[in-house]
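Given the structure is predicted, the values throughout are model-derived calculations rather than measurements.
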Amino acid sequence: MNRCKKIAILVCAFLTALNVTACGQVGDEVVNMDESPAGQQESGMQIDKSTNLETEEDKTIGVEESNTQTGENIDTEMTTEELLDLFVNGSISAISSEDSTSAFYITDLDMDSGEWDSYSIGERVDLDNDGENELIICGPYGGIYLDARDNKVYEFVVGEGNALVLSYVVYNGSTWIMHSNRMHTGYEAYHMEKFEGADNLVAEMNFYEELVDEDNVEGKEKYTLNGTEISYDEYFELCSKIFATEVTTTK
């Protein structure tokens with residue numbers, strides 16, 4: 001009987017050991033199952049962070065593209081008419097023909113005061129034969145002619161006194177700029193310039209009427225064209241052609 005009890009006790013102990021081992025395995029599985037949601041949560045956090053980073057990058061790129069487009073709009077090249085309009089409206093200045101570092105606004109000019117040396121807005125004419133109009137500011141000694149190019153407004157030519165009164169003419173199918181000197185009795189001098197683009201002078205012409213003897217205002221006169229003496233008839237014919245189309249631009 002004692003031997004049987006011992007066997008029974010050993011069997012029970014063996015079975016107990018097996019149950020403990022089985023329980024341990026089940027416990028391990030439960031632990032693993034508990035850790036899985038935590039792992040999923042951590043993975044989800046990583047995905048959210050990645051998504052947020054991508055969203056921020058997209059926003060940054062969008063802002064940069066927007067700024068670039070805005071810059072392009074600011075730097076967009078404007079038409080001649082638009083630039084001249086901006087000058088007339090006082091929004092931009094015109095660069096001086098004598099000093100490229102100097103500029104002036106329309107508000108710097110005495111506009112429409114009625115005085116002899118005041119200015120007024122004139123017509124727009126293709127003065128340099130480039131297919132685009134220049135702006136005439138009528139005023140003393142023929143005023144100022146303005147050209148628009150390279151997204152800026154420039155002083156093209158300007159009347160500079162009685163010896164350089166500014167006007168323009170149409171001669172042989174092209175527009176010419178003319179400077180006139182009629183200061184003295186018995187003396188007239190005219191200088192004409194033809195441009196093909198405001199910075200491209202392609203032809204010049206000079207013609208004069210002057211006294212042979214400067215001290216004798218009743219004396220004989222001589223006529224010259226580009227340094228060559230011509231007859232009165234030739235001079236008269238030339239002047240008839242030129243002055244028939246002259247447009248004066250004093251106020």
Mind checking whether [X] and [Y] sit in one hydrophobic cluster, side chains of I, L, V, M, F, W, Y counted as touching below 4.5 Å?
X      : Y      : value
Tyr232 : Phe207 : yes
Ile242 : Val247 : no
Leu238 : Phe236 : yes
Tyr235 : Val169 : yes
Val170 : Phe243 : no

For [X] and [Y], work out which heavy atoms get closest and say how close.
X      : Y      : answer
Gly142 : Thr250 : N-CG2, 3.3 Å
Thr76  : Asn151 : O-ND2, 3.6 Å
Tyr154 : Arg149 : CE1-O, 3.5 Å
Asn129 : Phe195 : ND2-O, 2.8 Å
Tyr208 : Ala189 : CD2-CB, 3.1 Å
Tyr171 : Trp176 : O-NE1, 3.1 Å

Which distance, rounded to the nearest 0.5 Å, do you find between the [atom1] of [X] and the [atom2] of [Y]?
X      : Y      : atom1 : atom2 : result
Leu166 : Met178 : CG    : CE    : 9.5 Å
Lys241 : Asn172 : NZ    : CG    : 6.0 Å
Leu127 : Ile177 : CG    : CD1   : 4.5 Å
Lys194 : Thr175 : NZ    : OG1   : 9.5 Å
Lys222 : Asp213 : NZ    : CG    : 11.0 Å
Met192 : Glu204 : CE    : CD    : 11.0 Å

Can you tell me which residue among Leu225, Thr224, Asn226 is in a side chain to side chain contact (heavy atoms under 4.5 Å, CB included) with Asn206? Asn226
Would a distance-only check, ignoring hydrogens and angles, find a side-chain to backbone donor-acceptor pair under 3.5 Å from Glu155 to Ser96? no
Check whether any side-chain N or O of Asp126 sits under 3.5 Å from a backbone N or O of Asp130 as a donor-acceptor pair, and report yes or no.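 Looks like yes, one N/O pair under 3.5 Å.
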Tell me who clusters with Ile121, hydrophobic residues only, linked when side chains sit under 4.5 Å apart either directly or through other members.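 Same cluster as Ile121: Met78, Leu83, Leu84, Leu86, Phe87, Val88, Ile92, Phe104, Ile106, Leu109, Met111, Tyr119, Leu135, Ile137, Ile144, Leu146, Val153, Val158.
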Glu81, CD: over 12 other non-hydrogen atoms inside 6.0 angstrom: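 Yes, the 6.0 Å shell around CD holds more than 12 heavy atoms from other groups.
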Flag side-chain contact, heavy atom, 4.5 Å: Tyr141 against Asn162: yes
Run the side chain to side chain contact (heavy atoms under 4.5 Å, CB included) test on Tyr223 and Glu234 for me, step by step, so that the C-alpha distance in whole Å, both residues' side-chain angles and the decisive distance to 0.1 Å come before the verdict. CA-CA 9 Å; Tyr223 310 93; Glu234 290 173 320; over 6 Å; no
Option among Glu134, Arg124, Glu132 that satisfies the side chain to side chain donor-acceptor pair (under 3.5 Å) test with Thr80: Glu132
Tyr190 and its side chain to side chain donor-acceptor pair (under 3.5 Å) partner, picked from His179, Arg182, Glu246, Glu209: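 Among His179, Arg182, Glu246, Glu209, the one that satisfies the side chain to side chain donor-acceptor pair (under 3.5 Å) with Tyr190 is Arg182.
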